[in-house]
Amino acid sequence: MFKRFKPFFALGLLLSVFFLGGCSNYIVLDPKGPVAAQQKDLILYSIGFMALICVVVYVLFTFIVIKYRDRKNDDNYEPDQHGSKKLETIWTVIPILIIIALAIPTVKSIYDVEKVPVSASGQKKEPLVITATAVNWKWIFSYPEQGIETVNYINIPKDRPVQFKLTSADSMSSFWVPELGGQKYAMAGMETKLYLQADHTGTFSGRNSNFNGEGFAHQIFDVHSVTQSEFDKWAKDTKSKAPKLTKKQYDQLMVQGEAKKMTFSSTHLKWVDHAKEADYAVKTRERLGEVPQNPHGSKQKDANKPESDSHGESHSH
Amino acid sequence: MKWDEFFVTGDPLIYGADVSIVLTVIGILFYLTYFKKWKWLWTEWLTTVDHKKLGIMYIASAVLMLFRGGVDALLMRVQLATPDSKFLDSQHYNEIFTTHGTIMIIFMAMPFLIGLINVVIPLQIGARDVAFPYLNAVSFWTFFIGAMLFNISFVIGGSPSAGWTSYMPLAGNELSPGPGQNYYLLGLQIAGIGTLLTGINFLVTILKMRAPGMTLFRMPVFTWSALITMIIIVFAFPILTVALALMTFDRLFGAHFFTLQGAGMDMLWANLFWLWGHPEVYIVVLPAFGMFSEIISAFSRKTIFGYKAMIWAMVIIAGYSFLVWVHHFFTMGQGELVNSVFSITTMIIGIPTGIKIFNWLFTMYKGKISFTTPMLWSLGFIVNFVIGGVTGVMLAMAAADYQYHNTYFLVAHFHYVLIAGTVFSCFAGLIFWYPKMFGYKLNERIGKWVFWVFNIGFNVCFIPQFILGLDGMPRRVYTYSAASGWGNMNMLSTVGGFLMGIAFLILVYNFYYSFRYSERENTGDSWGLGRTLEWATTSAVPPHYNFAVTPTVDSFDPLIKMKRNNVNLKPKIEDIKKIHMPDNSGVPFFMASFFFVAGFGLVFEWYWMGIVGLIGVFITLIIRSFDKNEGYYVSEEEIKETERLTV
């Protein structure tokens, strides 16, 4: 796909190295999975074109501004020169060509990232399904097949695609693990799907990137990429050893606040599907008397952190 | 409600602001009383319907808002300069970035441009005023009152903290209780009335009040850009009005348009907001394009290159501005086809913009370029705006946008567009037309300092933010950990931000310095390079009726032709006839004041106060409806005296 435009690709790479001071240092340009890798290729490809446009404009700009500055000798002065069909056609057609050159790989990538990723070895594997639910300001992950649930971290097997089913209990949030691929919104009353895959083992940081209030900066989670056998062992151990998630515990998680990492041997899916029940968290907060307060109200000043008193597992900021 | 809920308490920064507000108000009251300026203030400014004075008031308000929004920006930059900073807490930071965004777009960029449009456009088309001068005053006062209502939120009741986009359900009662978000809704709603009326007013003005002979394709590019902008306003602002009203119903009256409960649609808010919000970007950038066209042409001493292409490019941009809104949320999961379509429409909008860049370059080609400060800002615009443009095309590529979205890459991009485009144009236009408003130029030497310090600061501030974005730093976080490695770039960005702040202070000093020391202009054509009718007035600052005799036009760049043909711009004494002008009116000021009462009441859900305010608004409407005032005539003698004509 990209071969025809290799020069731009090279120019983009060169500029990234020069301008960004070694692209491998920057998370988005240092992919750890096929989805992020494809997006990185698209980014570098576009940077190549953009650099070319900048160079053309800046060279022309410098030439014109120096040559036609106001000075004594003005043989070239043509105050009534008001246009040129030829020139104007050139700078209409060239941008159109550039747009076409950018649009084709863009559309291809848009379709590609919605498909199950193919691992480096080329084999197609059945994706692991994980439900990710955003709640102000934490992430709750359910593994429906394994029957386990985690808070603020996940383990995934490397070289196997993962299908995230994203939803939210309250705010519009955005699920983003930059090293594995681009983000997608998680919304209450909706389910969106995102495919990611890790080609390496390691820990990658993920977060909500869509602003949703006070604890937004700390709504982060860890993605541990491990081998399939390690993953299977972890899932089995969790199922047998971790505590069961109680409805009471789950409802406490619905209260606004940050949370520690947690692990459970059962999921919340039997009680609520936030993709179908958008107001579950709001109703739960009302029931528990943990409704968010006006940040400038007097109640807020007396008891600044209502969520910290109510239960041990969430800690406040 | 208790008093400690009414006033924002507990933060030393806010107490500092309280003190400075009280001192400033006392200072102003003292000045007005001591120098007996109350009558002057009332007759010359508060009741005026003169487009030039309203324009100056718009610009003065915008500069004030630039200060407020700039202080917000610097507070944010201080907080972000170092990892794990404790300078601001999360809530305070969230309020500040919300007010920064809202103020800069709605209460700085728009009024600055509308102010310049107010001052220049009627002169540029050879008109005596706008089509509806009274309505123009209503526009200004509703904008001003909306801005003031929004601004007091940080000392009374607390500021909104859901971002300038106010996405639901975050901005709803369930997650953002308290008056803060109501300020956003009511402040924008009241100011929006003014903007919509401006749109209608200037649309009619430009279409109906041009000087004889000025056909559409003889209009200056700035007039064209204003015309197209007004069309966008008339189509886009009703969407905002409706969206704000729906959210107001949600918050005040328990409706469920966008809420979590009652099957509300939070995605609908995002769509409505950007269906207005994207055209809004072009509302603040097309007049900028228009001004740069005027300035580049004037200081290159050359007619604009590709005039018709410039116009059609703007028309296409205006049309397309309504077809790209989804690119603000490619990540909402609307599917491959929708994202592909909006990716392509967004990229296409880059084509006419690119055409314009080349036309500006070739306007200078074979010209004689003088590097005055307005021209420097225009040249700086070309260099910096290209970066904003190309990164915009990168963001348009949806699959890549999944990685840029909600990061500092995006933040850097839109600052390159809005600062290099809109803010540079406001500075350039203000300096260019300053003699038209005040009769003297701003000092060029100080002006060049402003330009260079601001430009260097601007790039030092925002280039690092592109890199931070690619390194995964999300926007709107109030802090970050040292382990993220974002510290150095953020510190650099903060240094750049402060350079821009210093440049602003030098600019303000220049206002004072030039007021004291600048040479006063004697002619209407202060730069000696004017090409359009605003420079064809007989005095530097035009009299309130603008032109003693309405000029006639038979070409594009009419003043250039008049100069070449040695046409005497002084009106002939036999052509002088009495001039019909509108009377001043205090009603718009009172109407807006009642809007303030209504808005303030609704913010705190004190419905009696809201009702009282709205009744007041209706009374002012009725007073105006039964007002038989037909204006007055400026007598021939007065005109002759003003124009220094003797028999």
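Throughout, a chain's letter reflects where its sequence line sits, starting with A, and its residues are numbered from 1.
- Applying ring-ring contact (aromatic ring centres under 6.0 Å, His included) to A:F164 and the options A:F175, A:Y195, A:W176 leaves one that passes, A:F175.
- At a 4.5 Å heavy-atom cutoff, B:L468 makes no contact with chain A through either its backbone or its side chain.
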**OP:** Check step by step if side chain to side chain donor-acceptor pair (under 3.5 Å) holds for A:D70 and A:Y77.
**Re:** CA-CA 10 Å; A:D70 187 16; A:Y77 184 43; over 6 Å; no
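- For a residue to count as touching a neighbouring chain, one of its non-hydrogen atoms must lie under 4.5 Å from one of that chain's; by this rule B:I344 touches chain A with the side chain only.
- When heavy atoms are compared at a cutoff of 4.5 Å, B:I355 approaches chain A by way of both its backbone and its side chain.
- Looking at B:T407, only its side chain comes within 4.5 Å of chain A, counting heavy atoms on both sides.
- No part of A:L166 comes within reach of chain B, as not one of its non-hydrogen atoms sits under 4.5 angstrom from that chain.
- For B:S343, the part lying near chain A is the side chain, with the backbone staying farther off; criterion is any non-hydrogen pair under 4.5 Å.
- With ring centers used as reference points, B:W360 lies under 6.0 Å from B:F381.
- For chain A, the option among B:I387, B:T165, B:T363, B:L170 with the highest count of heavy-atom pairs below 4.5 Å is B:L170.
- Of the listed residues A:A281, A:P95, A:G181, the one with more heavy-atom pairs under 4.5 angstrom with chain B than any other is A:G181.
- Classification of the A:W91-B:F305 ring pair by plane angle, with boundaries at 30° and 60°, yields tilted.
- When each of A:T192, A:V35, A:L102, A:N136 is scored by its heavy-atom pairs under 4.5 Å with chain B, the top score falls to A:L102.
- Neither the backbone nor the side chain of B:I560 comes within contact range of chain A; no heavy atoms are under 4.5 Å apart.
- Here A:K283 contributes atom NZ and B:L260 contributes atom CG; the two are 11.0 Å apart, rounded to the nearest 0.5 Å.
- Chain A forms the most heavy-atom pairs under 4.5 Å with one residue out of B:G472, B:G262, B:P474, B:P177, and that residue is B:P177.
- Using a 30° and 60° split on the angle between ring planes, B:Y307 and B:F556 fall in the tilted class, from 30° to 60°.
- Between the side chains of A:Y280 and A:D170, no donor-acceptor pair is found at a separation under 3.5 Å.
- A centroid separation of less than 6.0 Å is found between the aromatic rings of A:H218 and B:Y478.
- Neither the backbone nor the side chain of B:W269 comes within contact range of chain A, judged by heavy atoms closer than 4.5 Å.
- Heavy-atom pairs under 4.5 Å with chain A were tallied for B:F299, B:Y404, B:Y480; the largest tally goes to B:Y404.
- Across A:R71, A:K193, A:K67, A:M190, the residue that shares the most heavy-atom pairs under 4.5 angstrom with chain B is A:M190.
- Under the 3.5 Å distance criterion, with hydrogens and angles disregarded, no donor-acceptor pair is assigned to the side chains of B:Q181 and B:S176.
- Of the listed residues A:D279, A:I64, A:I110, A:T106, the one with more heavy-atom pairs under 4.5 angstrom with chain B than any other is A:I110.
- No part of B:M265 comes within reach of chain A, as not one of its non-hydrogen atoms sits under 4.5 angstrom from that chain.
- For A:A186, no part sits under 4.5 Å from any heavy atom of chain B, backbone or side chain.
- Proximity to chain B involves both the backbone and the side chain of A:V107, based on heavy atoms less than 4.5 angstrom apart.
- Heavy-atom distances place the backbone of B:A162, and not its side chain, under 4.5 Å from chain A.
- Residues A:S174 and A:R207 have side chains that never bring a donor and an acceptor to within less than 3.5 angstrom of each other.
- With a 4.5 Å cut-off on non-hydrogen atoms, B:D557 does not touch chain A at all.
- For a residue to count as touching a neighbouring chain, one of its non-hydrogen atoms must lie under 4.5 Å from one of that chain's; by this rule A:E286 touches chain B with the side chain only.
- Both the backbone and the side chain of A:E78 have a heavy atom closer than 4.5 Å to some heavy atom of chain B.
- Heavy-atom pairs under 4.5 Å with chain A were tallied for B:G485, B:G306, B:G389; the largest tally goes to B:G306.
- Counted by atom type alone, A:N208 and A:Q219 present one or more donor-acceptor pairs between their side chains at under 3.5 Å.
- Most heavy-atom pairs under 4.5 Å with chain A, from the set B:I357, B:N359, B:I348: that is B:N359.
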**OP:** With side chain to side chain donor-acceptor pair (under 3.5 Å) as the test, would you mind laying out the steps for A:Q183 and A:S209 before giving the verdict?
**Re:** CA-CA 8 Å; A:Q183 63 203 285; A:S209 68; 2.4 Å; yes
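- Chain B forms the most heavy-atom pairs under 4.5 Å with one residue out of A:S171, A:G189, A:C54, and that residue is A:S171.
- Nearest heavy-atom pair, B:T479 versus B:S85, reported as atom, atom and distance to 0.1 Å: OG1-N, 3.6 Å.
- The most heavy-atom pairs under 4.5 Å with chain A, out of B:D266, B:I304, B:V383, B:V386, come from B:V383.
- Taking the centre of each ring, B:F329 and A:Y185 stay at or above the 6.0 Å mark.
- Between B:L379 and A:V65, the closest heavy-atom pair is CD2-CG2, 4.1 Å.
- A tilted orientation is assigned to the rings of B:Y365 and B:F362, their planes being inclined by 30° to 60°.
- Between A:D112 and A:Q38, the side chains place a donor N or O and an acceptor N or O closer than 3.5 Å (distance only, hydrogens not considered).
- With a 4.5 Å cut-off on non-hydrogen atoms, B:F466 does not touch chain A at all.
- Using a 4.5 Å cut-off between heavy atoms, A:S84 touches chain B through backbone and side chain atoms alike.
- Heavy-atom pairs under 4.5 Å with chain B were tallied for A:E114, A:Q81, A:Q39; the largest tally goes to A:Q81.
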